[in-house]
Amino acid sequence: MPERAPQPVDRQLPTDEARDLISLVRDIAQREIAPKAAEEEDAGRFPREVFTLLSESGLLGLPYDAEYGGGDQPYEVYLQVLEELAAARLTVGLGVSVHTLASYALAAYGTKEQQVEHLPAMLGGGLLGAYCLSEPASGSDAASLRTRAVREGDDWVITGTKAWITHGGIADFYTVMARTGEEGARGITAFLVPGDAAGLSGALPEKKMGMKGSPTAQVHLDGVRVGDDRRIGDEGQGFAIALSALDSGRLGIAACAIGVAQAALDAAVGYATDRRQFGKPIADFQGLRFMLADMATQIEAGRALYLSAARLRDAGRPFAKQAAMAKLHCTDTAMKVTTDAVQVLGGYGYTADFPVERYMREAKVLQIVEGTNQIQRMVIARHLAGPETR
């Protein structure tokens, strides 16, 4: 029986421009990303040339203003682009999401002068960004960060170590949260730090279970000096900026998770319709048919959830609770679907000859990054029942 090719996701897009955009992304994914994904992930190779191509194609600044080189696209469209990229290779989809996250502070809170000076290069000039909030001793408790920025005349001198930084050591710019005042959330300020700043260095990348092509590393700031013109927002506003960025970033993670899950489902359906046992395709057996049906249903539910949250964001309405729900549900779905895809392929699913074992390893990190799923449950519960009693 011939192998069944996966069918493109039938997307509900708001404009003809958005439909053309998705077609462009699918073409790039099929020609430039997917064919090399397995080999390059196994080798731990970061595809910088792909990000250069995405920048040249106008895909690194989609949700931002065209005035500064962005794409003027609603989040509803941007997230579906992320999903397509992540389905081809999570290193690319997540990398675009992190770059968008790193650009958010300046785009949303920067002065007009800062935006004119920096955003065009960040959004369409081939640059790649990183977002620096976590530290070795402050992950979920991000407000306890220790990296400090001290004012010296018109400059700030930043010293400390950031941890778990996607694109750490290779980024062209870093959005860095540093302590400038009192302990806790109100003493944190945001800074835009150039990647070639004196005193900034990246450690060796972490050795990870999956996403080996995406460098995750500590970033050391040893007396890094930046002008006050690179401070983003007011002094003490940095933690609020960081949380606002993460609300949007969590939607990016949700979309990437659904992309990985969709790729795993496509592989499972293709295998199940091709593989024959007892004289017929294994897809004819009810146990597998029900498994595939459940996988597809979970994916559709996740896609609807992240798009619903995106539409709230596009309408200027509160969406933090829905973003947390989307991140929680979509990443749990990715873990479940990729695990089931390995099961559908049986012994072959456990080998590197098929992509589902890679999808399963990659899905795990999505339950952890940009707020663990336990943190998402806390966020959702606070919206429902108020803050915890002290």
Side-chain angles (χ1 to χ4, degrees), residues 1-12 22-23 25-43 45 80 83-93 209-213 255-304 329-367:
M1 187 171 182
E3 184 177 351
R4 176 175 173 170
Q7 298 298 307
V9 174
D10 184 14
R11 301 195 178 278
Q12 297 180 20
I22 290 293
S23 295
V25 172
R26 285 174 174 167
D27 181 60
I28 291 174
Q30 291 167 7
R31 286 189 299 104
E32 304 294 339
I33 302 174
K36 305 172 186 176
E39 178 183 355
E40 292 192 345
E41 284 298 323
D42 187 55
R45 182 180 179 278
Q80 294 187 77
E83 184 190 330
E84 293 280 346
L85 292 172
R89 186 178 177 186
L90 182 57
T91 285
V92 176
M209 177 191 299
M211 286 193 69
K212 297 178 181 180
C256 286
I258 293 302
V260 173
Q262 185 67 56
L265 174 63
D266 290 342
V269 171
Y271 181 87
T273 53
D274 183 52
R275 172 73 166 169
R276 300 180 69 87
Q277 291 288 277
F278 304 101
K280 59 182 179 180
I282 64 171
D284 284 356
F285 292 97
Q286 188 177 77
L288 276 181
R289 294 180 81 84
F290 283 7
M291 185 181 290
L292 295 172
D294 285 346
M295 293 160 72
T297 300
Q298 292 160 6
I299 290 169
E300 287 289 347
R303 184 176 290 122
H329 177 82
C330 293
T331 59
D332 280 354
T333 289
M335 194 71 248
K336 178 67 166 63
V337 167
T338 56
T339 302
D340 286 348
V342 171
Q343 191 70 20
V344 170
L345 271 68
Y348 290 111
Y350 199 66
T351 72
D353 295 329
F354 291 82
V356 290
E357 62 85 26
R358 172 165 60 88
Y359 299 149
M360 180 178 171
R361 289 185 287 106
E362 291 177 340
K364 184 62 211 175
V365 77
L366 299 175
Q367 295 178 302

remark   = Applying side-chain contact (heavy atoms from CB on, under 4.5 Å) to D332 and not counting sequence neighbours gives L328, Q367, N373, R377
query = Residues in side-chain contact (heavy atoms from CB on, under 4.5 Å) with Y350, at least two apart?
reply = none
From CA spacing to verdict: side-chain contact (heavy atoms from CB on, under 4.5 Å), T338, V356 = CA-CA 6 Å; T338 56; V356 290; over 6 Å; no
Tell me the closest heavy-atom pair linking [X] and [Y], and the distance in Å.
{"X": "G213", "Y": "R89", "result": "CA-NH2, 3.9 Å"}
{"X": "A257", "Y": "A334", "result": "O-CB, 3.5 Å"}
{"X": "A87", "Y": "A263", "result": "O-CB, 3.5 Å"}
{"X": "H329", "Y": "A301", "result": "NE2-CB, 4.0 Å"}
{"X": "A261", "Y": "V337", "result": "O-CG1, 3.5 Å"}
{"X": "A88", "Y": "I33", "result": "CB-CG2, 3.8 Å"}

With [X], which residues qualify under salt bridge (charged side-chain N to carboxylate O under 4.0 Å, His left out), at least two apart?
{"X": "D42", "result": "none"}
{"X": "D294", "result": "none"}
{"X": "R303", "result": "E83, E300"}
{"X": "R275", "result": "none"}

Would you mind reporting whether [Y] and [X] have side-chain heavy atoms less than 4.5 Å apart?
{"X": "K336", "Y": "D340", "answer": "yes"}
{"X": "K212", "Y": "R45", "answer": "no"}
{"X": "E84", "Y": "Q80", "answer": "no"}
{"X": "L265", "Y": "L292", "answer": "yes"}

Calculate, to the nearest 0.5 Å, the distance between atoms [atom1] and [atom2] belonging to [X] and [Y] respectively.
{"X": "L345", "Y": "I282", "atom1": "CG", "atom2": "CD1", "result": "7.0 Å"}
{"X": "M295", "Y": "T333", "atom1": "CE", "atom2": "OG1", "result": "11.0 Å"}
{"X": "R11", "Y": "R26", "atom1": "CZ", "atom2": "CZ", "result": "6.0 Å"}

inquiry  = With a sphere of 6.0 Å drawn around CD of E32, does it hold more than 12 non-hydrogen atoms of other residues, nucleotides or ligands?
reply    = yes
ask   = Got more than 12 heavy atoms from elsewhere within 6.0 Å of CZ, F285?
value = yes
request  = Evaluate the criterion side-chain contact (heavy atoms from CB on, under 4.5 Å) for residue pair V365 and M209; output intermediate values, then yes/no.
outcome  = CA-CA 9 Å; V365 77; M209 177 191 299; over 6 Å; no
task = List the steps, then state whether side-chain contact (heavy atoms from CB on, under 4.5 Å) holds for M335 with T331.
result = CA-CA 6 Å; M335 194 71 248; T331 59; over 6 Å; no
side-chain contact (heavy atoms from CB on, under 4.5 Å) between M360 and K364, worked out = CA-CA 7 Å; M360 180 178 171; K364 184 62 211 175; over 6 Å; no
ask   = In terms of the angle between their ring planes, are F354 and Y271 parallel, tilted or perpendicular, with boundaries placed at 30° and 60°?
value =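 Geometry flag for Y271 against F354: perpendicular rings.
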